[in-house]
**Student:** 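Following this message is one structure expressed as structure tokens.
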Amino acid sequence: MPEPQPNHIYEMIQVPETTGVRFFTDIDHGSYFPNHWHDAIEIIYMVQGELDITVESAAFRLLEGQCFLINSCVIHSTKCTTPNIGIVFQIPMDFIRLYIPDVQQLRFVLDDPSPDPIRQTKLDRFKETLRQMQIADDIRPDGYVLRFNSLLFEILFQLYHNFSVKVFQANLNQRTKDLNRLNEILSYTARNYDRPISIDEISRVAFLEAGYFCRFFKKHMGLTFLEYQNELRLSRIYQDLITTEDTLQQILERHGFTNYKLFRRMFAEHFQATPSQVRKKSKKFS
């Protein structure tokens with residue numbers, strides 16, 4: 001589900017002090033967010049339409065009425081090619097640790113829909129709680145914080161008792177160190193994506209030898225650094241196509257995509273349409 005375009009791959013979740021979590025209903029007319037992560041559990045409930053989600057190279061299509069959970073520090077991307085409406089709920093890990101101290105040894109799994117009728121009943125109850133949170137968030141009645149927080153703790157209880165699995169987190173310190181290094185790499189890339197960045201340049205940012213950097217990046221991101229640069233450019237180009245009247249040439253130049261043939265191929269692979277078709281379709285729904 002779309003979120004504010006991050007300046008870097010690791011987004012610090014901004015939350016209100018009254019609740020400690022981020023919760024909103026999003027109307028998305030079209031977006032593409034390449035690989036990123038949060039130090040938060042992210043829950044997406046599709047109210048209307050659909051959303052494509054990729055989690056560590058596994059692709060999913062979230063359909064209307066379905067719910068999806070992305071665990072903390074898991075690299076993922078989202079793509080919306082037709083308008084949708086969804087609930088986005090992000091619970092920072094620091095908040096969860098206050099009430100579930102062993103959360104680092106847990107992995108949360110929704111798997112909606114479920115072939116197990118008992119589990120599906122639990123999923124339906126979970127989604128109903130999200131809908132009640134949405135109503136409270138929309139209406140903001142007197143005592144809103146009390147109502148919202150009571151539902152928030154109900155969600156945490158359900159996650160802990162119905163949808164958690166104990167896992168052995170081997171090399172957790174190394175994983176944290178790798179993500180911090182990756183964040184430096186991608187923060188730098190986000191600031192400079194509209195110009196060529198050589199492997200030697202980005203390797204120096206990461207304090208890695210060039211060959212090791214290439215292996216490190218591909219291992220964690222699932223694509224090469226050049227491929228990621230082009231994915232990031234493509235996401236910004238797509239957003240400009242549906243939100244501005246600028247020509248395609250102007251947009252490509254703005255975001256540093258100089259290989260037009262490669263751009264057309266990537267765009268078709270991602271969106272199964274030409275840029276002009278995407279722009280025409282977005283105007284139809286705006």
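What you see is a predicted model, and the numbers here were worked out from it, not measured in a lab. We use all heavy atoms of the structure for the numbers below, so side chains are in, but hydrogens, waters and symmetry mates are not.
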**Student:** To the nearest 0.5 Å, tell me how far Ile185 CD1 sits from Ser203 OG.
**Tutor:** 8.0 Å
**Student:** Restricting to non-hydrogen atoms, name the atom on Cys67 and the atom on Leu110 that form the minimum distance, rounded to 0.1 Å.
**Tutor:** SG-CD1, 3.9 Å
**Student:** Does any non-hydrogen side-chain atom of Asp178 lie less than 4.5 Å from one of Phe216?
**Tutor:** yes
**Student:** Just so I know, are the side chains of Lys122 and Arg125 near enough to count as touching, which here means a heavy-atom distance under 4.5 Å?
**Tutor:** yes
**Student:** With a 4.5 Å heavy-atom cut-off, do Ser114 and Leu123 have their side chains touching?
**Tutor:** yes
**Student:** Run Leu152 and Asn149 through side-chain contact (heavy atoms from CB on, under 4.5 Å) and show every step you take.
**Tutor:** CA-CA 5 Å; Leu152 164 60; Asn149 284 350; 4.0 Å; yes
**Student:** With heavy-atom distances below 4.5 Å as the criterion, would you say the side chains of Lys166 and Leu106 are in contact?
**Tutor:** yes
**Student:** I need the minimum non-hydrogen distance between Ala206 and Arg181, along with the two atoms involved.
**Tutor:** O-NE, 3.2 Å
**Student:** Go through the structure and list residues passing ring pair (Phe, Tyr, Trp, His ring centres under 6.0 Å) with Tyr260, not counting sequence neighbours.
**Tutor:** none
**Student:** Quick one: does Phe148's side chain get under 4.5 Å of Leu146's, heavy atoms only?
**Tutor:** no
**Student:** How far apart are the closest heavy atoms of Asn183 and Trp37, and which atoms are they?
**Tutor:** N-CH2, 3.8 Å
**Student:** Please give me the minimum heavy-atom distance between Thr82 and Lys281, naming the atom from each residue.
**Tutor:** CG2-NZ, 2.9 Å
**Student:** Taking only residues at least two apart or on different chains, which pairs with a member in residues 135-145 satisfy side-chain hydrogen bond (donor to acceptor under 3.5 Å, both in side chains)?
**Tutor:** Asp137-Arg140, Asp137-Tyr144
**Student:** Contact between Asp52 and Thr78 at the side-chain level, heavy atoms closer than 4.5 Å - yes or no?
**Tutor:** no
**Student:** Nearest 0.5 Å, what's the CG-CG distance between Asp39 and Leu179?
**Tutor:** 9.5 Å
**Student:** For Phe225, enumerate each residue passing the ring pair (Phe, Tyr, Trp, His ring centres under 6.0 Å) test, keeping only those at least two apart in sequence or located in another chain.
**Tutor:** Phe213, Phe217
**Student:** Test of understanding: with ring pair (Phe, Tyr, Trp, His ring centres under 6.0 Å), list the residues that count as partners of Phe108, not counting sequence neighbours.
**Tutor:** none
**Student:** Could you pull out all residues at least two apart from Glu128 that satisfy salt bridge (charged side-chain N to carboxylate O under 4.0 Å, His left out)?
**Tutor:** Arg131
**Student:** Transitively linked via ILVMFWY side-chain contacts under 4.5 Å: Leu226 with Phe263?
**Tutor:** no
**Student:** Between Gln277 and Thr274 (side chain of the first, backbone of the second, donor and acceptor by atom type, cut-off under 3.5 Å), is there such a pair?
**Tutor:** yes
**Student:** Pair up each side-chain donor or acceptor in residues 252-259 with any protein partner under 3.5 Å, not counting sequence neighbours, and list the distances.
**Tutor:**
residue, atom, partner, partner atom, Å
Glu253, OE2, Gln249, NE2, 3.2
Arg254, NH1, Asp240, OD2, 2.7
Arg254, NH1, Asp246, OD2, 3.3
Arg254, NH2, Asp246, OD2, 2.4
His255, ND1, Tyr193, OH, 2.6
His255, NE2, Asp240, OD2, 2.7
Asn259, OD1, Lys261, N, 3.3
Asn259, OD1, Leu262, N, 2.9

**Student:** Between Tyr45 and Val88, is the side-chain contact (heavy atoms from CB on, under 4.5 Å) condition met? List the steps.
**Tutor:** CA-CA 7 Å; Tyr45 177 74; Val88 180; over 6 Å; no
**Student:** Are Phe157 and Leu130 in one and the same hydrophobic cluster, where Ile, Leu, Val, Met, Phe, Trp and Tyr link if side-chain heavy atoms are under 4.5 Å apart?
**Tutor:** no
**Student:** Without swapping roles, check the side chain of Asn192 against the backbone of Tyr188 for a donor-acceptor pair under 3.5 Å.
**Tutor:** yes
**Student:** Transitively linked via ILVMFWY side-chain contacts under 4.5 Å: Phe153 with Ile155?
**Tutor:** yes
**Student:** Can you tell me if Ser164 uses its side chain to pair, donor with acceptor, with the backbone of His161 under 3.5 Å?
**Tutor:** no
**Student:** Quick one, Ile91 and Leu159 - any side-chain contact, counting heavy atoms below 4.5 Å?
**Tutor:** yes
**Student:** Any salt bridge (Lys or Arg N to Asp or Glu O under 4.0 Å) involving residues 201-228? Give me the pairs, sequence neighbours left out, ordered by first then second residue.
**Tutor:** Arg195-Glu201
**Student:** For Phe23 together with Phe89, are the ring centres under 6.0 Å from each other?
**Tutor:** yes
**Student:** Could you please spell out the steps behind the side-chain contact (heavy atoms from CB on, under 4.5 Å) verdict for Glu42 and Leu69?
**Tutor:** CA-CA 6 Å; Glu42 182 167 14; Leu69 186 147; over 6 Å; no
**Student:** Give a yes or no on whether the backbone of His76 and the side-chain of His36 come within a donor-acceptor separation of less than 3.5 Å.
**Tutor:** yes
**Student:** Going by ring pair (Phe, Tyr, Trp, His ring centres under 6.0 Å), name the residues that satisfy it together with Tyr212, two or more places apart in sequence or in a different chain.
**Tutor:** none
**Student:** Does one side chain, of Asp28 or Ser31, offer a donor that lies under 3.5 Å from an acceptor on the other?
**Tutor:** yes
**Student:** For the residue pair Ile75 and Met221, what are the closest heavy atoms and their distance?
**Tutor:** CD1-SD, 3.8 Å
**Student:** Are Leu63 and Phe68 in one and the same hydrophobic cluster, where Ile, Leu, Val, Met, Phe, Trp and Tyr link if side-chain heavy atoms are under 4.5 Å apart?
**Tutor:** no
**Student:** Is any side-chain heavy atom of Ile242 closer than 4.5 Å to one of Val278?
**Tutor:** yes
**Student:** Counting only heavy atoms not in Leu98 (residues, nucleotides, ligands), do more than 12 fall under 6.0 Å from its CG?
**Tutor:** yes
**Student:** Rounded to the nearest 0.5 Å, what separates atom CZ in Arg236 from atom CD in Glu231?
**Tutor:** 12.5 Å
**Student:** Under a 3.5 Å distance rule, please check whether Arg279 uses its side chain to pair with a backbone N or O of Leu241 as donor and acceptor.
**Tutor:** yes
**Student:** If you round to the nearest 0.5 Å, how far is CD1 of Ile197 from CG of Asp200?
**Tutor:** 13.0 Å
**Student:** Centroid separation under 6.0 Å, is that true for the rings of Tyr160 and Tyr99?
**Tutor:** no
**Student:** Out of curiosity, Leu151 CG to Glu154 CD, how far, rounded to the nearest 0.5 Å?
**Tutor:** 8.0 Å
**Student:** Would you compute the distance between atom SG of Cys80 and atom CG of Leu51 and round it to the nearest 0.5 angstrom?
**Tutor:** 6.5 Å
**Student:** Tell me, which pairs form a salt bridge (Lys or Arg N to Asp or Glu O under 4.0 Å) where one or both residues lie in residues 75-95, sequence neighbours left out?
**Tutor:** Asp94-Arg97
**Student:** Is Ile135 isolated, or which residues cluster with it under the ILVMFWY side-chain rule of less than 4.5 Å, directly or via members?
**Tutor:** Ile139
**Student:** Are any side-chain N or O atoms of Ser187 and backbone N or O atoms of Glu184, one a donor and one an acceptor, separated by less than 3.5 Å?
**Tutor:** no
**Student:** Would you name the heavy atoms of Asp112 and Gln66 that are closest together and state the gap between them?
**Tutor:** OD2-CA, 3.3 Å
**Student:** Could you pull out all residues at least two apart from Glu50 that satisfy salt bridge (charged side-chain N to carboxylate O under 4.0 Å, His left out)?
**Tutor:** Arg61
**Student:** Would you say the side-chain atoms of Gln134 and Thr25 include a donor-acceptor pair closer than 3.5 Å?
**Tutor:** yes
**Student:** Please evaluate residues Ile41 and Gln90 with respect to the criterion side-chain contact (heavy atoms from CB on, under 4.5 Å), reporting the C-alpha separation (whole Å), side-chain torsions for both, the decisive distance (0.1 Å), and the verdict.
**Tutor:** CA-CA 6 Å; Ile41 290 171; Gln90 295 168 328; over 6 Å; no
**Student:** I need the full list of ring-ring contact (aromatic ring centres under 6.0 Å, His included) pairs touching residues 112-133, with sequence neighbours left out, sorted by first then second residue.
**Tutor:** Phe126-Phe163
